[in-house]
Amino acid sequence: MTSKRAERVGDVGADRREQAAFLFQSGDRVLQGRGICARVETPASGGAHRDSLFLHSVEEAFARARQAGIAEPVIMGAIPFDTTRPSCLYVPREHAWVARPAPVSSAPVAPAQVREVRNLPSADGFCLAVEEAIEAFRRGELSKAVLSRIQEIHLAEPADVEAILANLARQNPTGYQFRIPLAEGGELVGVSPELLVRKQGARVHTNPLAGSAKRRADPQEDQRVARDLLESSKDHYEHRLVIEDIRQQLAPLCSRLDVPEGPSLLSTNAMWHLSTAIDGELADSRTSALQLACRLHPTPAVCGFPTAAARQLIQRIEPFDRGLFTGMVGWCDAQGNGEWVVTIRCGTVQGDWLRLFAGAGIVEASDPAAEWAEVTAKLGTMRAACGLLDEENPT
Ligand SMILES: C=C(O[C@@H]1C=C(C(=O)O)C=C[C@H]1O)C(=O)O
């Protein structure tokens, strides 16, 4: 097999190739990578199948890494929402698992000076989009669609990626933090609360989130909001669509699949979420984490239900290309073990430009203004980490 599809490291400047920094934090450990040995740009579509062009490309990248003297290579990176687009995956030249460092407790967040902010869409545009989606639900075309917003921010100075990561770690010490270099320059950074899939041997684990509420500063208010979320029929419906889809995707591959009866609560610093931790045993332990991730993606937590109709609606309504947002980010080793999380609570940093993203699941019972408030609250995670003021309370 030729290596044409696997990587063209020659395309990447020598400096960037050497200095590229990778990070994926999970539980109490961090996978750190440095330098690019091989790159995979092959689109991930079809990646659920062992014989796919995509998985062959990944195998080729592992083979090259071994030839280059890396005994146990890993592949790290991101796959876009639209898996017909190029993947952004790399085999780092060096990698190591290290213990998660204790977050610095009081790193000051230097306020960022902003030159320009572009909102895509505006608040009004987003609310109109939600109404349009609700009309489509009423016509019976689909049941759920995830709509999102992007904020492009031009800073007075280049953003400090290390500082953003330190702030994210302090804000969300238990989240899946990541840092991935982009082919076009710049980096993808964020801290996702949502596990798409973890696979170790025959064990498979996923932890979808859907149904959200903004956390409150007052502890009693915060508890009330959490209780309301746990009792909200609208949010339960939104959540159930995700769980049933995942069950359908995983059940044929598993000899055991434990799906809890109902969701529990999971919190980040900014949000409450309905969460279901699903655990299973694969019938064939050779099925890789990447295969599983490609099979599950896009779940109705980031796309909608049914998937094809939701994808079309998103394409028609969203005024931007999601790129890597709501795709997956993570790692996989040559034995097929690995972890992929949903690419949310994140942004791209390119010099003095930030591109931040947030979305929310829309169903027939959705209220447009409440959904705008939800995406704005979700955007708050990255805004705070970047030293930007709270959009809702900008004083
Ligand atoms: C799309 C995002 O979040 C997704 C949508 C959620 C919801 O609708 O409640 C919750 C978690 C994520 O699955 C995001 O945070 O940008």
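Numbering of ligands and ligand atoms starts at 1, following listing order. Along the sequence shown, residues carry numbers from 1.
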List ligand 1 atoms under 4.0 Å from Gly361, heavy atoms only on the residue side. 7 (C), 8 (O)
Atom 4 (C) of ligand 1: which protein heavy atom is closest, and how many Å away? Ala301 O, 3.6 Å
Report the relative orientation of the aromatic rings in His154 and Trp353; use parallel for angles under 30°, tilted for 30 to 60°, perpendicular for over 60°. parallel
Subset of ligand 1 atoms that lie under 4.0 Å from at least one heavy atom of Glu374: 7 (C), 8 (O), 9 (O)
Would you mind running through ligand 1 and noting each atom that sits below 4.0 Å from a heavy atom of Glu238? 7 (C), 8 (O), 9 (O)
Parallel, tilted or perpendicular for Phe325 and Phe357, by the 30°/60° rule? parallel
Work out which heavy atom in Thr287 is nearest to a heavy atom in Arg50; give both atom names and the distance. N-NH2, 3.8 Å
Numbering the atoms of ligand 1 from 1, which are under 4.0 Å from a heavy atom of Arg345? 3 (O), 11 (C), 14 (C), 15 (O)
Ligand 1 atoms in contact with Ser212 (distance to a heavy atom under 4.0 Å): 6 (C), 7 (C), 9 (O), 10 (C)
At less than 4.0 angstrom from any non-hydrogen atom of Ala360, what atoms of ligand 1 do you find? 8 (O)
Checking Arg149 against Phe126: charged group under 6.0 Å from the ring centre and within 45 degrees of the axis? no
Which residue is it: Val114, Leu155, Val117? I am looking for the one with a side-chain contact (heavy atoms from CB on, under 4.5 Å) to Leu354. Leu155
Need the ligand 1 atom indices (1-based, order shown) with element for anything under 4.0 Å from a heavy-atom of Gly211. 7 (C), 9 (O)
Sub-4.5 Å side-chain heavy-atom contact between Val341 and Leu196: no
Residues Thr83, His297; criterion side chain to side chain donor-acceptor pair (under 3.5 Å); working and verdict: CA-CA 9 Å; Thr83 56; His297 172 84; 5.4 Å; no
For atom CZ of Arg286, is the number of surrounding heavy atoms from other residues, nucleotides or ligands below 6.0 Å larger than 12? no
Provide, to 0.1 Å, the distance between atom 16 (O) of ligand 1 and the closest protein heavy atom, together with that atom's residue and name. Gly359 N, 2.8 Å
Atoms of ligand 1, numbered as shown, that sit under 4.0 Å from any heavy atom of Leu209: 10 (C), 11 (C), 12 (C), 13 (O)
Say whether Phe325 and ligand 1 are in contact under the criterion: heavy-atom distance to a ligand atom below 4.0 Å. no
Taking distance alone, with no angle check, do Ala358 and ligand 1 share an N/O pair under 3.5 Å? no
I need the nearest protein heavy-atom contact for atom 13 (O) of ligand 1: residue, atom name and distance, please. Glu194 OE1, 2.5 Å
Among protein heavy atoms, which sits nearest to atom 3 (O) of ligand 1, and what does the distance come to when rounded to 0.1 Å? Lys378 NZ, 3.4 Å
Approximate separation, where rounding is to 0.5 Å, of Ile75 CD1 and Leu89 CG: 5.0 Å
